[in-house]
Amino acid sequence: MKVELLDIGEVELASDDGLVELAKRYGKGPKTVVAARINGHLVDLSTKVAQGDTVEFIHADTVQGRAVIRHSTAHVLAQAVVRLWPGTYYAIGPAIDDGFYYDFELPNEQHFEEKDLPLITSEMRKIIDENQSFSRRKYSFQGGKTLFADQPFKVEIIESVQGRGDTLEAASEEGVEDDAVSVYENSSGFVDLCRGPHVPSTSYLGSFALTRISGAYWRGDEKRPQLQRIYGTAWESKSALDAHIRMLEEAAKRDHRKLGIELDLFHFPPEIGSGLPVFHPKGALIRYLMEEYARKAHLRAGYEFAWTPHLAKSNLFSISGHLEWYKDGMFPPMELEGSTYYMKPMNCPMHILIYQSRSRSYRELPLRLFEFGTVYRYERSGALHGLARVRGLTQDDSHIFCAKDQLVPEVERLIRFVLALLGAFGLKDFEVEVATRPDKYIGSDEEWETATASLISALGNIGVEYKVAEGEGAFYAPKIDVHLTDAIGRRWQVSTLQVDLQEPQRFQLGYMSQDNSIDIPYMLHRALFGSVERFMAILIEHFEGALPTWLMPKQVVVLPVNEGANAYAHEVSKAVKKIGGRVSVEEAREPLGARIRRMKLEKVPFVVVVGDDDVVAGTVGVNRRGSNHPERDMPIELFLEELKVEIREPELEGFDYDD
RNA sequence: GCCCGGGUAGCUCAGUCGGUAGAGCAGCUCACUCGUAAUGAGCAGGUCAGGAGUUCGAAUCUCCUCUCGGGCUCCA
């Protein structure tokens, strides 16, 4: 019989030959094909092919192939845990980015400990060495429930679908479909609910590592029992596994918390409290440079500055809805002279008061109020994470009040502004998400639709691609969230842009329109860095501490080779200062090599060495960051020319200030 | 908040069986004046996160609190 093999063409196959035989003949080598697609459906390699089928191999070194390997390795993990802890209930074990996990409930409320991982790993190795096969079977709902009678989580998964007749995504993942239950049985007798596909046997597995243990709530719901989760990673080969482990080490080197201490930028004094950073002189200078750049950009882009206090009486947050909807995220109240005060969790109510301070005319719109506004949010202790997640954060926050017909153009303008501003900081790889109405929300459905539609049409108008994140909006507004991918492929959420139809009503905002009637303005909330603290963390990690020269606290250091060159070194330093460079001189109290090493570790962009020859010739030796080949005898004027360009602030590209 | 693992000098870490604290780097002093990633010697530096308990004796064992890290939940 003939089948169509993708990328190969039509091939001849004996009728009792299966996919394994086909893979042997046409795959990239032994065990490189882990599953297949027949006529578009993902299947195990044991699936029979028929005359005329179209077959596509799923190779081990692809995203889908790895997912198959990881999912199968998760089954091996479950089997190992059940062997070591008889009576364990196993829940779910999907493949995830870069790996997999499996959730368990151990008997007698036992918990995994770190030292269990090597035990489990060696049990998994035994299972893999047994060369167990995976085979798929289908059961009726009732049959499935009988099979898993002693596994309550599996029964719950089956029932969650059977009862409602719909298909939960997670349940489908786990092997429950509309009409039947899909089960995989290993040759050892271990069975698990699973959609598959799986590798044909455990001999396809082996390049895995168990990475960590954790508690995890059943179905992600903190009101349900907490299960014991084991995370692992699995790859198609030892070398791919090793590469992944090296990537993790690379990420650890970039950790902004580590670099923050090493480069003397900031720390979190326990005396102040969790999640409340202090910035040291170098960190504060970086912050200043970031903020000044943003302030100038905003001013030129038609924003006006605002400045507001850090706390306010409770009534303000009652009107805004924060006390009703956001109280869990706020610091507890303070009683003062008979009033109750709260630290502000957002800046919007304060900016609204500025809008409200006098009557407004349509001629003033759009009115764009901008502030680096520090807000305080009660983050649960386990959520804190260096500068990326703190309890006191500064938003580059703005509230834009505009008329209805200005809304879409204003959003378009904003998106261009965001991408230009982030681009100026060297970040260019973005994904845009539209976050829609969450379960808990204020306002009417029509208002949410209007607001969401305006975001989507603005994105469409300027041709920016986006994904929809259902139910991820704020309680008062849908959002456009900008995520960026850093130098080593990690995703961070930065900017957020929200169309709010609620707060203008709650505060009864108005403006005098052209036809002499009072209209309600529309309001946009937006933060481009998101939080200055987090944005700094992202920059540090993205650049591994080697920030663009214009953001470096120290841009140039001049090293005289010996005492005789000191005076000349100070002349060079002065010349650098004159063109606006940040520079210092390190005199020859210790060997040149030692000073160079120190400055290189500090990631100083230009290490300049001057000796007797330079004094005579008016030259410098330039050792640039990222290079170990110094350029000797460079005329000082030439160096200053190069430096002028290097220290210059970047232009905003892609945003026209006259927009 | 929940599960697991940590907290020893400014930083990175060692500290055995419970016997009273150690290194490297950084700092200070002195000497060295050096041409591209660590000059040498000396000095100083610790309520072993905090508290309670067990013990003749606790960095070490037990409990509590604080705090940090990895996850879960939440989120800028």
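Each chain gets a letter, A, B and so on, in the order the sequences are listed, and its residues count up from 1.
Nucleic acid contact class of A/V494 (heavy atoms, under 4.0 Å, all strands): sugar-phosphate only. Using a 4.0 Å heavy-atom distance criterion, A/D221 is classed as making no nucleic acid contact. Within 4.0 Å (heavy atoms only), A/D614 reaches at least one base atom of the nucleic acid. Across all strands, A/A594 comes closer than 4.0 Å only to sugar-phosphate atoms, never to a base (heavy-atom distances). A/E114 comes within 4.0 angstrom of sugar-phosphate atoms only, judged by non-hydrogen atoms across all strands, and of no base. Contacts of A/P591 with the nucleic acid, taken as non-hydrogen atoms under 4.0 Å apart, include base atoms. Residue-level contact check: A/E379 touches the bases, meaning some heavy atom is under 4.0 Å from a base atom. At the heavy-atom level, A/K479 lies under 4.0 Å from the strands shown only through sugar-phosphate atoms. Contact annotation for A/D328: no contact, since no heavy-atom pair falls under 4.0 Å across all strands. Using a 4.0 Å heavy-atom distance criterion, A/F112 is classed as a sugar-phosphate-only contact. Counting any heavy atom pair closer than 4.0 Å across all strands shown, A/Q493 reaches sugar-phosphate atoms only and no base atom. A/H385 comes within 4.0 angstrom of sugar-phosphate atoms only, judged by non-hydrogen atoms across all strands, and of no base. Among the atoms of the strands shown, none is found under 4.0 Å from any heavy atom of A/S495. Among the protein residues, A/G611 comes within range of the nucleic acid bases, having at least one heavy atom under 4.0 Å from a base atom.
One interatomic measurement links the two molecules: CD1 of A/I96 to C1' of B/G70, which rounds to 13 Å at whole-angstrom precision. Remark: C1' of B/A31 and CD of A/E563 are 13 Å apart, rounded to the nearest angstrom. Summarising the geometry, the separation between NE2 on A/H280 and C1' on B/C11 is reported as 13 Å, rounded to the nearest angstrom. Taking atom CD of A/E602 as the reference point, atom C1' of B/A26 lies 12 Å away to the nearest angstrom. Distance, A/L559 CG to B/A37 P: 12 Å, rounded to whole Å. In this structure, A/E472 atom CD and B/C74 atom P are separated by 9 Å, rounded to whole Å. Whole-Å rounding puts the A/L393 CG to B/C75 P distance at 14 Å. Atom-to-atom, CH2 of A/W325 to P of B/C74 comes out at 17 Å; the value is rounded to the nearest Å.
In this structure, the nucleotide among B/A76, B/U39, B/A37 sitting nearest to the side chain of A/I596 is B/A37. Taking the side chain of A/E113 as heavy atoms from C-beta on, and the options B/U73, B/G5, B/C68, the nearest nucleotide is B/G5. For A/A588, taking side-chain heavy atoms from C-beta onward, the closest of the listed nucleotides B/C34, B/C74, B/C68 is B/C34. Taking every side-chain heavy atom of A/A383 into account, B/C74 is the closest of B/A37, B/G35, B/C74. Of all nucleotides listed (B/C4, B/U39, B/C75), B/U39 comes nearest to the side chain of A/E590.
Between A/H525 and A/Y476, the two ring planes are tilted [angle within 30° to 60°]. Between A/F606 and A/F639, the two ring planes are perpendicular [angle over 60°; tilted spans 30° to 60°]. A/H322 and A/Y326 have perpendicular rings, their planes meeting at more than 60° on a 0 to 90° scale where under 30° would count as parallel. Ring geometry for A/F266 versus A/H256: interplanar angle of 30 to 60°, hence tilted. Using a 30° and 60° split on the angle between ring planes, A/Y303 and A/F417 fall in the parallel class, below 30°. Using the six-membered ring where Trp is involved, A/W235 and A/H244 have ring planes that are tilted, between 30° and 60° apart.
Separating the P atom of B/C30 from that of B/G71 is a span of 49 Å, rounded to the nearest Å. Rounded to the nearest Å, the gap between the C1' atom of B/U54 and that of B/C68 is 28 Å. Between B/C43 and B/C48, the distance separating the two P atoms is 24 Å to the nearest Å.
B/C17 is unpaired under the Watson-Crick or G-U wobble criterion, no partner having all donor-acceptor distances under 3.5 Å. Base pairing analysis places B/C25 opposite B/G10; the two distances defining the Watson-Crick or G-U wobble pair are each below 3.5 Å. If you check B/C61 for Watson-Crick or wobble pairing at under 3.5 angstrom, you find it paired to B/G53. When both pairing distances are held under 3.5 Å, B/G5 makes a Watson-Crick or G-U pair with B/C68.
A sub-4.0 Å separation between OP1 or OP2 of B/C72 and a side-chain N or O of A/Y231 is present. Neither OP1 nor OP2 of B/C4 sits under 4.0 Å from any side-chain N or O of A/R212. Neither OP1 nor OP2 of B/C72 sits under 4.0 Å from any side-chain N or O of A/S214. Within the structure, every side-chain polar atom (N or O) of A/K223 is placed at least 4.0 Å from both OP1 and OP2 of B/U73. For the OP1/OP2 pair of B/G27 and a distance below 4.0 Å, the side-chain nitrogens and oxygens of A/R589 include no atom meeting the criterion. Here A/S381 reaches the OP1 or OP2 of B/G1: one of its side-chain N or O atoms lies under 4.0 Å away.
A donor and an acceptor atom never sit less than 3.5 Å apart when one is taken from the side chain of A/R224 and the other from the base of B/C72. Contact annotation: side chain of A/Y217 to base of B/G1, donor-acceptor pair present below 3.5 Å.
Listed here is the closest heavy atom pair of A/M350 and A/P309: CE-O, 3.4 Å.
Here the options are A/K603, A/H542, A/M552, the test is side-chain contact (heavy atoms from CB on, under 4.5 Å), and the partner is A/L547; only A/M552 passes. Of the residues A/K253, A/R254, A/R490, the one that meets the side-chain hydrogen bond (donor to acceptor under 3.5 Å, both in side chains) test with A/E541 is A/R490.
Along RNA chain B, the nucleotide closest to A/G564 and the one closest to A/R597 are compared, and the more 5′ of them pairs with A/G564. Mapping A/R229 and A/N562 onto RNA chain B by nearest heavy atom places A/N562 at the nucleotide closer to the 5' end.
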